[in-house]
Engineer: 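Here's a structure for you.
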Amino acid sequence: MVTFQLCDSLTKVLPATTPRAAAPAPDGDGSSAPGGTFGGALVLSGLAGETLSFQTAWLDTMPRAQRAQVIIRVKPVFSEDASPVLAQSLGVRVFHVGLVPANMPAPADPDDGYFTVDPTLLPDILEPVQLQEGADFTASAQSAHRGWNSLWWDLTAIPGLAALEVQGSVRNRRGHDLEDREEVLWRERISVRVRATKLSAPKLTNVQWFHADSLANYYGVEPWTEPHWRVVQAHMESCARMRVNTVLTPVWTPPLDIAPGVYRRNVQLLGIRQTSGGYEFDFSRLERWIALLKSSGLTGVEIPHLFTQWGAEHTPRFWIEDEDGQLGPRFGWDTPATSGEYKEFLEELIPALRGFLDAQVGEDHVWYHVSDEPEAEHVESYRAARGVVAHLLEGAQMIDALGDPDFQPLVETPVVATNMIPRFRAEGIEPEWVYYCVAQDEGVANRFLAQRPNRHRMLGFQLFKAGAQGFLHWAFNFYNTQYSLRALDPYRDTSAGGGFISGDTFVVYPAADGTVRESIRHRMLRAAFDDLAVCQLAEKIAGRDAVLAIIDPDGTLDYNAGWVSEEEVLRRRASLDDLL
């Protein structure tokens, strides 16, 4: 009454659907065997140091009181010239894939990249499972929901690892009693091909908007107290594991995703004091943030926007201490972007900030913004706001997310929405930076819960072919409703209160103990950026044409075209490894 299935890392194991079986290995017959033999059913391919992943899925149809304890054993097999001691370096980790609510799974009229349009539960969150001690890697679990369940396995690719022998067994439960007898029902063999070439970081500025206020709200702590710093560090480290290298840094509270007149919780890192002679700046908290950023493996600092979103008509709110030592809000929705007082403030703020950041990380690792996502009707207000700061930011890296090519002359580096790229190309502009968010819901890659995994993973190949220099997403961990009218529980609402397609607003979940629960989408996006890194490495060795012959054999690959099956994505990646 328990059925097992081996699945690759580009499968979402849906409760009510038999999951796609792993494609047979070239040297195996693809069969499963209940006895002592192992059938070949999957190939894991990667470079040294890369994280390889697979899933073991099962369906338990026993009566609830008799449901089974599922036991999965994974035994590493090494080549003759490799030491079994290497097993200790595999860093094996295992997770139960939990279901989360997809309140808004898809647009009303979706393309073929979605599983469903109706609210439902979908697999996403990775809940850690304790491995048992022993010669093999052994995990025990029970079905957490009706239908198909799965365990997600991660391990580090080590040269000399040749295979994984996977065994599935059960111990039946009758009421409170668990039988001592363990019955082996299933065996599989996974072929592993690890190239000695070491995986390197992709050459791309990968920016995620990091929402420190969401963490303070969720955990009920005051910003920049020690408990807050601890959860910030955990989320920074998770960013790095997803190959992010640059995060939005709340030098002041970002004026983003807020309704007019609304302010997000103050998480300003910068201390500011007004004196009779101007302003004094305290960078101590920002210095601690940067130290934490570096220790987490991140390298870049994205500065909050200097003017409000969707029009650049107003200023952010700053918290400034007056001459009497009283801390209070200054500027904000009641201050026009071209306010003389705000100009005078920026004349002191920006040079001081630039000097500090240049000494800390170098200006080539710092990005500034004017305003986010201006539309055609905002050209003049954006131009006026830019005029306030252009001379102060001369020589600095300035980026802004755009969908309209009319802004091209006003933005040093436009970050173009992937579905709007044809508009820019029609004007002779090939964007070097791209982004997607909730509006990019048809025909292009994204990270929505109900999307097929190929829509997550193909991004790496797309970025390589386009020669992209930067990628941006607005929400690594945004746990508010749309316009930040209130905070919410990400375990109950994945759609920002119904404002966005589920999955747009975060890829990680805050754990009760202050750590991070990552997601299968987090893993798939990490793999996409690893794909990009391998493409770049292969280009150096074999040339661009050789890489494109593998990832784009028919010449259709683009941000909005070239979709292939999940099996084909993995096959092309393995072919890149072979090329190396």
Side-chain angles (χ1 to χ4, degrees), residues 9 11-15 51 53-57 91-103 105 120-131 139-145 149-155 208-221 227-244 247 296-298 447-451 453 456 473 475-480 487-496 500 502-528:
S9 61
T11 299
K12 292 188 178 182
V13 179
L14 306 175
T51 297
S53 304
F54 66 95
Q55 295 177 84
T56 49
V92 175
R93 300 179 69 201
V94 62
F95 309 86
H96 190 282
V97 182
L99 302 181
V100 298
N103 318 63
T120 188
L121 296 173
L122 292 172
D124 194 51
I125 189 171
L126 294 174
E127 298 281 3
V129 173
Q130 183 69 39
L131 284 169
S140 299
Q142 285 186 325
S143 298
H145 52 261
N149 284 247
S150 70
L151 293 180
W152 181 284
W153 297 76
D154 285 338
L155 66 147
Q208 293 276 316
W209 287 5
F210 190 102
H211 299 283
D213 62 321
S214 285
L215 299 180
N217 291 337
Y218 182 81
Y219 288 103
V221 298
H228 189 225
W229 279 112
R230 284 195 292 271
V231 297
V232 164
Q233 178 178 2
H235 280 244
M236 279 188 179
E237 290 170 351
S238 182
C239 280
R241 286 192 292 270
M242 206 178 81
R243 307 299 182 242
V244 174
V247 293
S296 300
L298 306 172
R447 57 182 227 186
F448 304 131
L449 282 170
Q451 275 187 316
H456 310 321
H473 195 280
F476 183 76
N477 53 2
F478 180 78
Y479 306 138
N480 289 346
L488 53 75
D489 181 350
Y491 293 90
R492 296 175 60 87
D493 188 334
T494 57
S495 65
F500 303 129
S502 290
D504 183 44
T505 55
F506 55 85
V507 289
V508 294
Y509 301 78
D513 62 358
T515 59
V516 179
R517 295 290 182 265
E518 293 169 345
S519 65
I520 60 175
R521 293 175 299 129
H522 179 286
R523 294 293 190 272
M524 293 173 185
L525 290 168
R526 177 177 68 186

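What's counted below: heavy atoms across the whole structure, side chains too, no hydrogens, waters or symmetry copies. For clarity, every value in this text was computed on a predicted model and none was experimentally measured. We're numbering straight along the sequence, starting at 1.
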Engineer: Quick one: ring-ring contact (aromatic ring centres under 6.0 Å, His included) partners of Y509, sequence neighbours excluded?
Structural biologist: Y491, F506

Engineer: Can you name the residues that form a ring-ring contact (aromatic ring centres under 6.0 Å, His included) with F478, not counting sequence neighbours?
Structural biologist: H211, W474

Engineer: Has H522 got a side-chain atom pairing as donor or acceptor with S238's backbone, closer than 3.5 angstrom?
Structural biologist: yes

Engineer: Can you give me the closest heavy-atom contact between V247 and C239, atom names plus distance?
Structural biologist: CG1-SG, 4.0 Å

Engineer: Taking R523 for the side chain and S9 for the main chain, is one N or O donor matched with an acceptor at less than 3.5 Å?
Structural biologist: no

Engineer: What verdict does the side-chain contact (heavy atoms from CB on, under 4.5 Å) test give for R492 and L488, after you've listed the backbone C-alpha separation in whole Å, the side-chain angles of each residue and the deciding distance to 0.1 Å?
Structural biologist: CA-CA 8 Å; R492 296 175 60 87; L488 53 75; over 6 Å; no

Engineer: Of the non-hydrogen atoms in Y219 and A512, which two are nearest, and what is the gap between them?
Structural biologist: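 Scanning both residues completely, I find the closest heavy atoms to be CE2-O, 4.2 Å.
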
Engineer: For the backbone of T11 and the side chain of Q55, can you confirm whether one donor and one acceptor N or O come within less than 3.5 Å of each other?
Structural biologist: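 Yes.
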
Engineer: With W153, which residues qualify under ring-ring contact (aromatic ring centres under 6.0 Å, His included), at least two apart?
Structural biologist: F54

Engineer: Atom CD1 of I520 and atom CG of L126: how far apart are they, to the nearest 0.5 Å?
Structural biologist: 7.0 Å

Engineer: Do Q130 and S140 have side chains that get closer than 4.5 Å, going by heavy atoms?
Structural biologist: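 Q130 vs S140: side chains apart.
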
Engineer: Which atom pair, heavy atoms only, marks the closest approach of P101 to L449?
Structural biologist: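 Taking P101 first and L449 second, the nearest heavy atoms are O-CD1, 4.0 Å.
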
Engineer: Donor-acceptor check, side chain of N103 to backbone of D493, threshold 3.5 angstrom: yes or no?
Structural biologist: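 A pair under 3.5 Å: no.
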
Engineer: Please report the closest heavy-atom contact between A475 and T505, naming both atoms and the distance.
Structural biologist: CB-O, 3.1 Å

Engineer: Output the distance between atom CG (N480) and atom OH (Y218), rounded to the nearest 0.5 Å.
Structural biologist: 14.0 Å

Engineer: In Å, rounded to the nearest 0.5 Å, how long is the span from CG of N477 to OG of S214?
Structural biologist: 6.0 Å

Engineer: Rounded to the nearest 0.5 Å, what separates atom CZ in F210 from atom CG in L215?
Structural biologist: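 The CG atom of L215 is 5.5 Å from CZ of F210, to the nearest 0.5 Å.
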
Engineer: About how many Å separate CG of L14 and CG of L121, when rounded to the nearest 0.5 Å?
Structural biologist: 11.0 Å

Engineer: May I ask you to test the L99-P123 pair for a side-chain heavy-atom distance under 4.5 Å?
Structural biologist: yes

Engineer: Of all the heavy-atom pairs spanning S296 and E237, show the shortest one and how long it is.
Structural biologist: OG-CG, 3.6 Å

Engineer: If you compare all heavy atoms of A511 against all heavy atoms of V516, which two are closest, and at what distance to 0.1 Å?
Structural biologist: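 Taking every non-hydrogen atom into account, CB-N, 4.4 Å.
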
Engineer: Given the rule in the side-chain contact (heavy atoms from CB on, under 4.5 Å) test, do F95 and E518 qualify, once you have shown the distances and angles that lead to the verdict?
Structural biologist: CA-CA 10 Å; F95 309 86; E518 293 169 345; 5.9 Å; no

Engineer: Assess whether atom CZ of R93 is packed by more than 12 heavy atoms of other residues, nucleotides or ligands within 6.0 Å.
Structural biologist: no

Engineer: Answer yes or no: is there a side-chain heavy-atom contact under 4.5 Å between V13 and W152?
Structural biologist: no

Engineer: Give, for atom NE2 of H235 and atom CD of Q208, the distance between the pair rounded to the nearest 0.5 Å.
Structural biologist: 13.0 Å

Engineer: For the residue pair I125 and H96, establish whether any side-chain heavy-atom pair is separated by less than 4.5 Å.
Structural biologist: no

Engineer: Check for a donor-acceptor pair, side chain of R521 on one end and backbone N or O of R447 on the other, with a separation under 3.5 Å.
Structural biologist: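 A pair under 3.5 Å: yes.
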
Engineer: State whether the side chain of K12 and the backbone N or O of L122 hold a donor-acceptor pair below 3.5 Å, judged by distance alone.
Structural biologist: no

